Amino acid sequence: MPTGSTEKIPFEKLYQEGEKSGPLMPWNIGGPQPAVRRICDDGGFRGHVLDLGCGLGDNALYLASQGLRVSAVDVSEVAVECGREKARRNDTTVDFRVADAFSLAADGPRYDVVLDSAFFHTLPAEETPRYSELLRAVCNDGAELHLFTFSKELTPDYPGPRRVSEQELREAFSADWDIKVIEATRYHSSLPAEAVAKMVDPRTFEVDAPTDNLADQLIDEAGNVVSRIWHMHAVLRPQETRSEHRA
C-alpha cells in the first residue's frame, strides 16, 4: 500500500472556519469547475469515477448528475458532510468518504477514471512517487486520468500552491501512462484580484503573494480571478507494458 500524507495543509481548519477563511479557500466557487464540466459534457468520463480531494463535492455532484457512478474522497470531515448534504438536497448519489487519499489502496474498488482537480499540487514534490503508486493501485488497466495542476510555465510566480512543470508531469507519469495531452486550461476561483494579491500561503499562514503579476489576470463575469493551469489527460497502460523506471 502506498504511504504518504495529505495533511501538510490544514484543510479541516479551513473548512471549519468557512467564510472566515476568505482567500484560503479560492477553490470554493459554488459549482463544478467549468473545465471539468466541459470534459464531462464531451464524454470524457465513463464507468466508475474517483474524485480525489473532492472538497465540497461540486465536481463529483455534477458528474453524478450526468449518470456516472462517482466516488469522492477528501480528508476533511466538514467538506465531505457538506457534499453529502448537497447530494441529499439534489437527490443525487455520490459515494462520499472521509479518508486520506493514500489509504485507498488497502482494499476497495478499482476505477475507470480519476479526476484530480487541483489536488496533486497540494502534495510535496517528494510524494510524487507515492501518488503514482496510489493511482496504479486504484485504477483498472486502461483507466483515464484528468489532472489539473498549477503550472511553472503558465503562472510561475502566482500566489497559491506549488507549481509543476510540463516536464515534471511527463517524468512523473510517462512510465505507466500514455499521456494524451498536457494543455493549458482555465481554473476559476472565488477571489477578486485584490484578494489574490493578499493571498495567504496555507502551509505557513503567512502572506506570500507578489502583486506585479496580476495586471493581465483573467477575470470572470463575477469579477473573480481565472488562472491558467495545466490539464493532463492520460490513459493507464496494461501492467505488462509499464516501465520499471519511474520518478
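Index from 1, following the sequence. Fair warning: this is a prediction, and the values are worked out from it, not measured in the lab.
- Salt bridge annotation for Lys180-Glu144: absent, with no cationic side-chain nitrogen under 4.0 angstrom from a carboxylate oxygen.
- Here the CZ-CG distance, from Phe148 to Asp116, works out to 9.0 Å after rounding to the nearest 0.5 Å.
- Between Arg97 and Asp74 there is no salt bridge, since no side-chain N of the basic residue sits under 4.0 Å from a carboxylate O of the acidic one.
- The shortest side-chain heavy-atom distance between Leu50 and Val138 falls under the 4.5 Å cut-off.
- Taking a 6.0 Å sphere around CD of Gln239, one finds it holds 12 or fewer heavy atoms contributed by other residues, nucleotides or ligands.
- Smallest separation of non-hydrogen atoms from Thr93 and Ala64: O-CB, 3.4 Å.
- Both Leu68 and Phe96 belong to a single network of hydrophobic side chains, linked directly or stepwise wherever heavy atoms of I, L, V, M, F, W or Y lie under 4.5 Å apart.
- Without hydrogens or angle criteria, Arg186 side chain to Ser227 main chain gives no donor-acceptor distance under 3.5 Å.
- Between Ser117 and Tyr187, the shortest heavy-atom distance links the atoms OG-CE1, 3.9 Å.
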Are Leu56 and Asn28 close enough, and set up right, to give a side-chain contact (heavy atoms from CB on, under 4.5 Å), and what steps lead you there? CA-CA 7 Å; Leu56 297 167; Asn28 181 14; 3.2 Å; yes
Could you go through the salt bridge (Lys or Arg N to Asp or Glu O under 4.0 Å) check for Lys152 and Glu166 one step at a time? CA-CA 8 Å; Lys152 285 184 179 179; Glu166 179 179 355; over 6 Å; no
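- Ile219 and Val226 make their closest contact through C-CG2, 4.3 Å (heavy atoms, listed as atom of the first residue, atom of the second, distance).
- The aromatic rings of His233 and His146 sit parallel to each other, their planes meeting at less than 30°, with 60° as the upper class boundary.
- Note: His121 and Phe150 have tilted aromatic rings, judged against thresholds of 30 and 60 degrees for the angle between ring planes.
- Ser189 places a side-chain N or O within 3.5 Å of a backbone atom of Leu191 that can act as its donor or acceptor partner.
- The aromatic ring centroids of Phe120 and Phe173 lie less than 6.0 Å from each other.
- A donor-acceptor pair under 3.5 Å is formed between the side chain of Asp100 and the backbone N or O of Phe102.
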For a side-chain contact (heavy atoms from CB on, under 4.5 Å) check, start with the C-alpha distance between Asp176 and Leu236, then their side-chain angles and the critical distance, and finish with the verdict. CA-CA 6 Å; Asp176 300 313; Leu236 186 64; 4.0 Å; yes
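- Summarising the geometry of Arg84 relative to Val98, their closest heavy-atom pair is NH2-N, 4.4 Å, with the distance given to 0.1 Å.
- Checking side-chain atoms of Thr241 against main-chain N and O of Arg237 turns up no donor-acceptor pair under 3.5 Å.
- To the nearest 0.5 Å, atom CD of residue Gln33 and atom CD1 of residue Ile39 are 10.5 Å apart.
- Within 6.0 Å of the CD atom in Glu221, the count of heavy atoms belonging to other residues, nucleotides or ligands does not exceed 12.
- In this structure, the separation between CZ on Arg228 and OG1 on Thr185 is 9.5 Å, given to the nearest 0.5 Å.
- Proximity of Val80 to Val75: side-chain heavy atoms (C-beta onward) are nowhere separated by under 4.5 Å.
- Arg110 places a side-chain N or O within donor-acceptor distance of the main-chain N or O of Ala137, the cut-off being under 3.5 Å.
- In terms of heavy-atom proximity, Leu115 sits nearest to Asn59 at CD2-CB, 3.9 Å.
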Could you walk me through whether His48 and Val113 pass the side-chain contact (heavy atoms from CB on, under 4.5 Å) check? CA-CA 7 Å; His48 193 178; Val113 183; over 6 Å; no
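- Note: Leu147 CG to Met232 CE = 5.0 Å, rounded to the nearest 0.5 Å.
- Under the 4.5 Å side-chain heavy-atom criterion for Ile, Leu, Val, Met, Phe, Trp and Tyr, Leu134 and Ile179 are members of the same hydrophobic cluster.
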The test is side-chain contact (heavy atoms from CB on, under 4.5 Å); show your working for Leu135 and Leu145 and say whether it passes. CA-CA 9 Å; Leu135 292 180; Leu145 172 64; 3.9 Å; yes
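- Hydrophobic cluster membership differs between Phe119 and Tyr62, with clusters built from Ile, Leu, Val, Met, Phe, Trp and Tyr side chains linked at under 4.5 angstrom.
- No donor-acceptor pair under 3.5 Å is formed between the side chain of Gln66 and the backbone N or O of Asp41.
- Looking only at atom types and distance, the side chain of Trp230 has no donor-acceptor partner in the side chain of Thr149 under 3.5 Å away.
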Between Glu153 and Arg163, does a salt bridge (Lys or Arg N to Asp or Glu O under 4.0 Å) hold up when you go through it step by step? CA-CA 9 Å; Glu153 293 88 348; Arg163 299 295 179 270; over 6 Å; no
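- Distance alone, capped at 3.5 Å, is enough to place a donor-acceptor pair between the Asp220 side chain and the Ala222 backbone.
- Separating the OG atom in Ser71 from the OH atom in Tyr111 is a distance of 4.0 Å, to the nearest 0.5 Å.
- Heavy atoms only, all atoms of each residue included: Leu52 and Ala101 are closest at CD2-CB, 3.8 Å.
- Here OG of Ser151 is found 8.0 Å from CG of Leu169. Values are rounded to the nearest 0.5 Å.
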Please test Asp95 against Arg69 for salt bridge (Lys or Arg N to Asp or Glu O under 4.0 Å), starting from the C-alpha separation and ending with a verdict. CA-CA 8 Å; Asp95 178 20; Arg69 179 186 177 192; over 6 Å; no
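- A salt bridge links Glu81 to Arg88: one of the charged nitrogens lies within less than 4.0 Å of a carboxylate oxygen.
- Counting only distance, with no hydrogens or angles, the side chain of Ser132 and the backbone of Thr128 share a donor-acceptor pair below 3.5 Å.
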